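One structure is given here, and the rest of the page talks about it.
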Amino acid sequence: MPHHMPLISTIVVGLVLAFVLGAIAQRLRISPLVGYLLAGVLVGPFTPGYVADQGLANQLAEIGVILLMFGVGLHFSLKDLLSVRAIAVPGAVVQIASATLLGMGLAWLMGWSLGSGVVFGLALSVASTVVLLRALQERRLVETERGHIAVGWLIVEDLAMVLTLVLLPAFAEATSGASADAGSIALSLGLTLGKVVAFVAVMLIVGRRVIPWILHYVAHTGSRELFRLSVLAIALGTAFGAAELFGVSFALGAFFAGMVLSESELSHRAASETLPLRDAFAVLFFVSVGMLFDPMILINSFGPVLATFLIITIGKSLAAYGIVRLFRHPNSTALTIAASLAQIGEFSFILAGLGVELQLLPDEGRDLVLAGAILSIMVNPFLFTLLDRWFAKRETARETAKAEKAATEAQAAADAAAESAAVARESLPRISLSDHVVLVGHGRVGKFISRKLAASGTPFVIIETNKTQLAELQADGVETIIGNAADPEVAAAANIGEARCLLVAIPDAFESGQVVEQARKINPGLPIVVRVHSSAQEDHIMKYGASRVVMGEQEIARAMVAAVPDAPREPILSSVEEADGIAGDEPERAGADRPGNQGSPYVLRPEAEADDAGGNAPEPRPSRQQADEPGR
């Protein structure tokens with residue numbers, strides 16, 4: 001390397017290794033977080049070969065923490081929490097207390113101080129948001145009672161950890177030195193809480209007015225770059241200002257910035273615009289955490305590692321299971337919640353890192369937290385697989401018992417059927433429509449299509465991942481399916497085999513290709529029309545078997561040419577296509593040769609695509625962890 005470039009090398013090597021190992025982990029049906037952490041281990045000081053700059057990695061990790069907490073605030077839902085508050089609040093509190101006590105007990109056996117035990121136990125008590133949501137989404141449980149309880153439980157845990165991050169520095173300062181007493185601890189905690197209250201007041205009084213106003217002003221400029229920059233400036237600026245002016249953590253500042261922003265109608269767009277950068281820095285955060293892990297602890301401290309792992313996977317799970325059953329919820333709900341919480345993740349890393357920085361937690365404690373996280377995240381999918389199989393066997397047994405005793409034990413059979421309905425993976429019923437249109441995506445483009453189909457009386461079904469959009473559609477009596485259209489079960493539920501046509505209106509060409517490929521397997525002769533934004537995307541989509549593609553910019557050009565009074569159509573249209581570099585497309589006379597066109601302004605003037613061509617380009621498709629994003 002001709003020049004010393006530690007920042008570039010740290011970012012490049014970290015991201016490349018994280019991609020490779022994350023892809024391998026995904027292939028093995030393990031959370032990619034494991035791959036990201038192992039990438040950090042490989043570039044850390046405890047393994048041979050290249051060693052990344054730890055100082056720079058920590059600073060990059062701070063940005064990752066800010067953006068992670070900003071995302072948590074953006075997706076914070078007080079409504080979801082209140083709907084299950086009767087079990088989520090006491091359940092999460094008791095489970096956190098149980099795990100903390102178990103961690104303190106292990107810390108006491110290892111001869112650590114009380115403060116170390118508290119921090120260690122708290123780090124083991126909170127589950128990973130990313131891992132939990134991924135597990136629920138794969139089994140389509142997010143919208144079920146079990147999913148609502150798990151998400152509400154997770155929100156309470158997140159709020160508890162935010163409060164812990166705020167109070168921990170004051171606790172460390174108050175307990176440092178031999179002269180610390182109850183009075184000094186109370187005074188220090190009181191001052192910290194006073195600063196937090198002042199910051200919260202400023203955010204609620206000023207931030208709730210200023211931040212949405214800024215976003216609306218920037219949105220009206222039509223510049224996507226400025227909008228993205230404004231969101232990042234709000235997240236990072238609020239976090240930095242909170243730390244400098246009020247002495248609170250970056251994490252709390254970013255969380256409140258996201259929470260205030262979530263009240264704006266532009267919150268979904270803000271989340272989608274920052275998603276790529278948030279994901280990139282989140283990966284660097286996990287890489288930086290992995291750099292701190294010493295793999296030799298697995299050998300030198302096998303007993304403590306095993307005990308930590310058992311606290312996470314068994315201790316926490318038993319506590320959660322007992323609490324849910326105590327509230328008289330079904331066994332299936334209790335087992336699902338227990339399996340969901342049998343892991344730890346990003347908050348545990350943040351808390352352990354802060355504990356070491358404040359000299360409350362020894363380095364060995366951080367290594368134990370990291371080892372427990374890696375092992376529990378790797379094991380969690382297998383726990384759900386075992387749960388799936390157990391429920392399937394139980395359902396089969398109950399169905400058999402129901403058939404044998406239906407005549408004499410009708411009530412018992414009914415109870416068994418109700419219990420067996422709660423399987424670990426919710427099944428999707430096949431719709432009854434035939435000779436219908438399947439519309440994938442209901443964003444700006446999809447809304448125009450669904451209106452046109454409804455006006456013409458054409459039967460259709462909409463596949464969407466955004467639960468808010470689906471709720472509105474279902475209220476209007478529209479047939480809908482929640483999920484990813486590339487999922488074979490979702491495609492089968494849409495009855496694609498008997499469909500008249502498939503319209504793919506999502507902006508992500510990669511996912512569109514997967515949808516087309518899946519549909520073509522089910523119905524080889526199905527007409528498939530896909531939305532694209534470039535000739536490269538057109539080639540990609542056609543390779544998977546699309547019948548036709550519609551390019552937004554091209555349709556805008558045709559509509560504008562058609563609107564020119566008394567002008568020759570063909571020469572102008574050809575010159576537009578040539579200037580746009582579109583090759584291999586037969587020039588069509590505007591208003592002709594397109595099915596259903598007939599001079600209709602709805603077809604000739606695609607307003608939804610016009611938005612894309614202006615300052616508002618199509619937002620990226622969200623990952624399954626953020627499937628509530630209306631980007632389509």
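Every value quoted in this text rests on a predicted model; they were computed, and no experiment measured them.
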Report the distance from atom [atom1] of [X] to atom [atom2] of [Y], rounding to the nearest 0.5 Å.
X: Glu62; Y: Ile350; atom1: CD; atom2: CD1; value: 9.0 Å
X: Leu310; Y: Leu318; atom1: CG; atom2: CG; value: 10.5 Å
X: Arg328; Y: Thr333; atom1: CZ; atom2: OG1; value: 15.0 Å
X: Leu106; Y: Thr308; atom1: CG; atom2: OG1; value: 5.0 Å
X: Asp487; Y: Glu489; atom1: CG; atom2: CD; value: 5.5 Å
X: Thr164; Y: Leu122; atom1: OG1; atom2: CG; value: 5.0 Å

- Task: Assess whether side chain to side chain contact (heavy atoms under 4.5 Å, CB included) is satisfied between Leu165 and Phe347, documenting all intermediate values.
- Result: CA-CA 10 Å; Leu165 293 175; Phe347 260 119; 4.0 Å; yes
Validation: residues 365-379 side-chain donor-acceptor distances under 3.5 Å, sequence neighbours left out:
residue, atom, partner, partner atom, Å
Ser376, OG, Gly372, O, 2.8
Ser376, OG, Ala373, O, 3.1

Taking all non-hydrogen atoms of both residues into account, name the closest pair between [X] and [Y] and its distance.
X: Ala499; Y: Val438; result: CB-CG2, 3.9 Å
X: Leu124; Y: Gly103; result: CD1-CA, 4.4 Å
X: Ala491; Y: Ala485; result: CB-O, 3.9 Å
X: Gly117; Y: Met104; result: O-CG, 3.3 Å
X: Val283; Y: Ala18; result: CG1-CB, 3.5 Å
X: Ile66; Y: Ala235; result: CG2-O, 3.9 Å

Which pairs of donor and acceptor atoms, one on a side chain in residues 33-41, lie under 3.5 Å apart (sequence neighbours left out)?
none

Considering only heavy atoms from C-beta outward, does the side chain of [X] approach that of [Y] to under 4.5 Å?
X: Ile314; Y: Phe309; value: no
X: Ile24; Y: Leu28; value: yes
X: Phe285; Y: Leu67; value: no

- Query: Can Met161 and Leu351 be said to form a side chain to side chain contact (heavy atoms under 4.5 Å, CB included), step by step?
  - Reply: CA-CA 8 Å; Met161 290 305 108; Leu351 189 58; 4.0 Å; yes
- Query: Should Leu114 and Trp108 be marked as a side chain to side chain contact (heavy atoms under 4.5 Å, CB included) after you check the CA-CA gap, both sets of side-chain angles, and the distance that decides it?
  - Reply: CA-CA 8 Å; Leu114 178 62; Trp108 177 77; over 6 Å; no
- Item | Of all pairs that satisfy side chain to side chain donor-acceptor pair (under 3.5 Å), the ones with a partner from residues 311-326, not counting sequence neighbours | Tyr321-Asn331
- Message: Test: side chain to side chain donor-acceptor pair (under 3.5 Å). Region: residues 116-127. Which pairs qualify, not counting sequence neighbours?
- Response: Ser113-Ser116
Quick one: side-chain contact (heavy atoms from CB on, under 4.5 Å) partners of [X], sequence neighbours excluded?
X: Ile431; answer: Leu433, His436, Val461, Glu479, Ile481, Asn495
X: Leu42; answer: Leu17, Leu21
X: Leu102; answer: Ile311
X: Phe327; answer: Ile87, Pro90, Ile323, His329

- Please lay out, stage by stage, how Trp112 and Val118 fare under the test side chain to side chain contact (heavy atoms under 4.5 Å, CB included). CA-CA 10 Å; Trp112 296 355; Val118 171; over 6 Å; no
- Message: Val490 and side-chain contact (heavy atoms from CB on, under 4.5 Å): which single residue from Ile496, Ile463, Asn484 fits?
- Response: Ile463
- Task: Look at the side chain of Glu157 and the backbone N and O of Ala127, then say whether any donor-acceptor pair between them is shorter than 3.5 Å.
- Result: yes
- Message: Given 3.5 Å as the limit, does a donor-acceptor pair link the side chain of Asp294 with the main chain of Ile297, or not?
- Response: no
- Query: Going by the angle between their ring planes, with limits at 30° and 60°, are Phe349 and Phe286 parallel, tilted or perpendicular?
  - Reply: perpendicular
Considering only distance and modelled atom types, tabulate donor-acceptor pairs under 3.5 Å from the side chains of residues 337-345, sequence neighbours left out.
residue, atom, partner, partner atom, Å
Ser340, OG, Thr336, O, 2.7
Gln343, OE1, Ser128, N, 2.9
Gln343, NE2, Ser340, O, 2.8

- Message: Restricting to ring-ring contact (aromatic ring centres under 6.0 Å, His included), what partner residues turn up for Phe70, sequence neighbours left out?
- Response: none
